[in-house]
**Student:** 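Sending over a structure as structure tokens; questions will come in a sec.
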Amino acid sequence: MLLVFRFVKKSQLSLEDLNNGERLASSAWRSVTLRRRKMAATTAPPPQHPRVSGVAVTTLGDVKRAIQDVLPDQNEVVVKAQVLAGGRGLGLFKNGFKGGVHIVKTDQAEDIAGKMLGQILVTKQTGAQGKVVSKVYLCEKMSLVNEMYFSIILDRATAGPLIIACSKGGTSIEDLAEKFPDMIIKVPIDVFRGITDEDAAKVVDGLAPKVADRNDSIEQVKKLYNMFCECDCTMLEINPLAETSDNKLVAADAKLNFDDNASYRQKEIFALRDSSQEDPREVAAAKADLNYIGLDGEIGCMVNGAGLAMATMDIIKLHGGTPANFLDVGGNASEGQVVEAFKILTSDEKVKAILVNIFGGIMKCDVIASGIVNAAKQVQLKVPVVVRLEGTNVEQGKRILKESGMTLITAEDLDDAAEKAVKATAS
């Protein structure tokens, strides 16, 4: 999407073997009426791909046991670093070890895993800071004869799910789309009618399987779509969707995103969430029921309302500054939440100034002011704070700030606040 900011964040799980959907969703597979999105989901058994043996491990001691218990007859195994980012195979560890995916002899698995566990892997999707590998996945090596690409996303243009298929997989779909756009097949699905045999057949024609049975492939596509709906996915990507030497269709690697708004009915899925793979500031914000997204700037923003937050960030840029975050405390934040918001803002070492921009409606200015004062006492603020308050109880809020004895920079309007915040970062 064009905007950096997502107001409904997505929980992401990287699955190494979405072989039939059962491992993730068997207990969650139930008849659900998706009224909010009006998706025509039907209760169906999970896709019946052949199972591929595999197990995630967190310590070297678990590697030998996992191979003995799960992969006893394998001469070779695949060792995959578990991070929520793509491009692992071409990634580079900060300890100098190359590649987050390796096919090795079974007796070498422990050595390779040891070079990954606890180390930081940098890929094209992690950013320069990389991600710590706290788990590695061990699975059997499959004999693949053909690799394809399959995904289901939510498409704004068609206002519903869109299936994307390509006869070439196992590589960057973005590069393929740029070089060979005619190879990409897109099939929009009517959310009221659900997926039809005709829709699934178009997808299979785009995949162009070489050895797998056509009718079986059509059924697999339909079942994957049903799983997408049943599990409240916002994205399901299988790359590669592959054919094996025994003419089977398998999901060799997959990534799924789930709608946070559906966490109350997808408890089994959300129990798998690995917060160690997320920005710790965003994790802390979520626990405090705050909407926070970390950015790379130097002006921390605390605002109420998503629209006001975006306008604040825009005007900071207009005056030559860079926002350090998107932080929306919402319309009814408590004083404690405001204190927590300041703790999160000041935990970012890049923040050189904080801009508080509150338009009081349901969120009262005096509550924000009390929160700022208490936060200053608890956090020991070491950076300038610019405050612009307007709306409900604004006079009480200004009085609380004035009587606090704190050194604050007050502003009359948004433009004035942004200009003062940018100036404060230079001082």
Side-chain angles (χ1 to χ4, degrees), residues 10 12-32 34 37 39-52 142 144 146-155 158 160-170 173 184-191 193-209 211-244 247-259 262 266 268-269 272:
K10 308 299 188 287
Q12 189 183 71
L13 293 170
S14 179
L15 303 181
E16 300 309 323
D17 61 336
L18 185 71
N19 302 305
N20 58 11
E22 289 182 14
R23 186 167 70 86
L24 175 67
S26 59
S27 61
W29 209 274
R30 60 181 72 88
S31 178
V32 177
L34 302 178
R37 285 184 284 168
M39 288 189 178
T42 57
T43 303
Q48 295 300 312
H49 292 302
R51 285 185 177 276
V52 176
M142 292 185 291
L144 306 180
N146 184 33
E147 298 185 2
M148 302 160 286
Y149 176 89
F150 176 93
S151 69
I152 308 176
I153 62 171
L154 294 177
D155 181 48
T158 59
L162 179 71
I163 299 180
I164 301 175
C166 182
S167 58
K168 299 291 184 183
I173 191 66
I184 309 298
I185 305 299
K186 298 180 180 180
V187 180
I189 306 299
D190 186 312
V191 295
R193 183 177 59 181
I195 191 168
T196 65
D197 289 340
E198 182 181 1
D199 293 331
K202 289 180 182 178
V203 174
V204 172
D205 289 342
L207 293 170
V211 297
D213 181 80
R214 175 180 169 79
N215 290 332
D216 287 347
S217 298
I218 289 174
E219 289 303 310
Q220 297 293 357
V221 168
K222 290 165 62 178
K223 290 172 182 176
L224 285 169
Y225 174 81
N226 287 335
M227 186 182 73
F228 177 87
C229 296
E230 290 281 345
C231 294
D232 288 294
C233 294
T234 57
M235 183 190 77
L236 184 158
E237 183 181 53
I238 303 175
N239 189 21
L241 178 65
E243 294 176 282
T244 63
N247 302 346
K248 301 296 184 182
L249 195 64
V250 299
D253 201 357
K255 181 187 295 181
L256 294 94
N257 286 0
F258 302 98
D259 188 345
Q266 302 293 352
E268 296 88 349
I269 291 174
L272 301 174

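Atom set for the values below is all heavy atoms of this structure, side chains included, hydrogens, waters and symmetry mates excluded.
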**Student:** In Å, rounded to the nearest 0.5 Å, how long is the span from NZ of Lys223 to CD1 of Ile218?
**Tutor:** 12.5 Å
**Student:** Working to the nearest 0.5 Å, report the span between CE of Met148 and OG of Ser217.
**Tutor:** 7.0 Å
**Student:** Taking the side chain as C-beta and beyond, is there a heavy-atom pair between Tyr149 and Pro240 under 4.5 Å?
**Tutor:** no
**Student:** Who are the side chain to side chain donor-acceptor pair (under 3.5 Å) partners of Asn146, not counting sequence neighbours?
**Tutor:** Glu243
**Student:** Return the minimal non-hydrogen interatomic distance between Phe258 and Cys231, and the atom names on each side.
**Tutor:** CD2-O, 3.4 Å
**Student:** Testing the basics here: between Cys233 and Met227, what is the closest heavy-atom pair and its distance to 0.1 Å?
**Tutor:** SG-O, 4.4 Å
**Student:** Is the closest side-chain heavy-atom distance between Asn239 and Asp253 below 4.5 Å?
**Tutor:** no
**Student:** Just distance, no hydrogens or angles: give the donor-acceptor pairs under 3.5 Å from side chains in residues 197-209, sequence neighbours left out.
**Tutor:**
unit_1	atom_1	unit_2	atom_2	d
Asp197	OD1	Lys222	NZ	2.6
Asp199	OD2	Thr196	N	3.2
Asp199	OD2	Thr196	OG1	3.1
Asp205	OD1	Arg214	NH1	2.6

**Student:** Below 4.5 Å, heavy atoms only, C-beta onward: do Phe150 and Leu224 meet side chain to side chain?
**Tutor:** yes
**Student:** Let me know which of Ile152, Leu256, Ile163 forms a side chain to side chain contact (heavy atoms under 4.5 Å, CB included) with Phe228.
**Tutor:** Ile152
**Student:** Which atom pair, heavy atoms only, marks the closest approach of Leu144 to Thr244?
**Tutor:** CD2-CG2, 4.1 Å
**Student:** Going by the rule side chain to side chain donor-acceptor pair (under 3.5 Å), which residues pair with Ser167 if we only count those two or more places apart in sequence or in a different chain?
**Tutor:** none
**Student:** Please report the interatomic distance CG(Asn257) to NZ(Lys255), rounded to the nearest 0.5 Å.
**Tutor:** 7.5 Å
**Student:** Do the non-hydrogen side-chain atoms of Ile184 and Ile173 ever get within less than 4.5 Å of each other?
**Tutor:** yes
**Student:** Compare every heavy atom of Val191 with every heavy atom of Gly160, then report the nearest pair and how far apart it is.
**Tutor:** CA-CG1, 3.7 Å
**Student:** Between atom OG of Ser151 and atom CD1 of Ile238, what is the distance when rounded to the nearest 0.5 Å?
**Tutor:** 9.0 Å
**Student:** Ile164 versus Ile153: any side-chain heavy-atom pair under 4.5 Å?
**Tutor:** yes
**Student:** Only counting residues at least two apart or in another chain, list the ones meeting side chain to side chain contact (heavy atoms under 4.5 Å, CB included) with Asp213.
**Tutor:** Asn215, Asp216
**Student:** Check for a donor-acceptor pair, side chain of Gln266 on one end and backbone N or O of Glu230 on the other, with a separation under 3.5 Å.
**Tutor:** yes
